[in-house]
Amino acid sequence: MILEAIYNGDFYPSETVVPRSEKYRNALRACEKIMDQLAQRLTKEDYDLVETLLDQSSIAQCEESECHFKVGFSAGLLVQQEAERQIQTKSYDE
């Protein structure tokens with residue numbers, strides 16, 4: 001059950017859920033190829049700088065995803081509340 005997993009601290013979708021789309025896999029392969037090319041062309045210091053850039057970009061993307069998740073989840077709860085109010089109002093109007 002999801003509630004038990006959340007309660008027990010076993011719910012980590014950001015760490016366990018990986019997109020399965022072909023588009024995602026293709027993008028990962030393209031990134032790997034580009035990183036290989038950069039490793040061959042750049043100095044060690046420049047390549048380390050690129051890796052640092054990617055690490056910081058990843059952190060920023062995770063923060064952005066978390067914000068989107070929170071807003072989306074909150075919106076979903078608001079929709080549910082509104083739907084329940086509509087149902088209650090309809091049953092009293094009849």
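The 12-atom threshold is not exceeded at CD of E82, counting heavy atoms of other residues, nucleotides or ligands nearer than 6.0 Å.
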Donor-acceptor pairs under 3.5 Å, side chain of residues 36-44 to any protein atom, not counting sequence neighbours: which ones?
unit_1, atom_1, unit_2, atom_2, d
T43, OG1, D46, N, 3.1
T43, OG1, D46, OD2, 3.3
K44, NZ, D48, OD1, 3.1
K44, NZ, D48, OD2, 3.1

Can I get a per-line list of side-chain donor-acceptor pairs under 3.5 Å for residues 13-26, giving both atom names and the distance, sequence neighbours left out?
unit_1, atom_1, unit_2, atom_2, d
T16, OG1, Y12, O, 2.8
S21, OG, Y24, N, 3.1
E22, OE1, R25, NH2, 2.9
R25, NH1, R20, O, 2.7
R25, NH2, R20, O, 3.4
N26, OD1, R29, NH1, 2.7
N26, ND2, E22, O, 3.3

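Scanning for ring-ring contact (aromatic ring centres under 6.0 Å, His included) contacts around F69 gives F73, with sequence neighbours left out. In this view, D10 and A5, N8 satisfy the side chain to side chain contact (heavy atoms under 4.5 Å, CB included) rule, not counting sequence neighbours. Every residue was checked against the salt bridge (Lys or Arg N to Asp or Glu O under 4.0 Å) condition with E51, not counting sequence neighbours, and none meets it.
Cluster membership for L54 and L49, using ILVMFWY side-chain heavy atoms within less than 4.5 angstrom, is not shared.
With hydrogens and angles disregarded, no donor-acceptor distance shorter than 3.5 Å links the side chain of S57 to the backbone of L53.
Applying the salt bridge (Lys or Arg N to Asp or Glu O under 4.0 Å) rule to pairs touching residues 64-74 yields E66-K70, sequence neighbours excluded.
Here the CG-NZ distance, from L28 to K33, works out to 12.5 Å after rounding to the nearest 0.5 Å.
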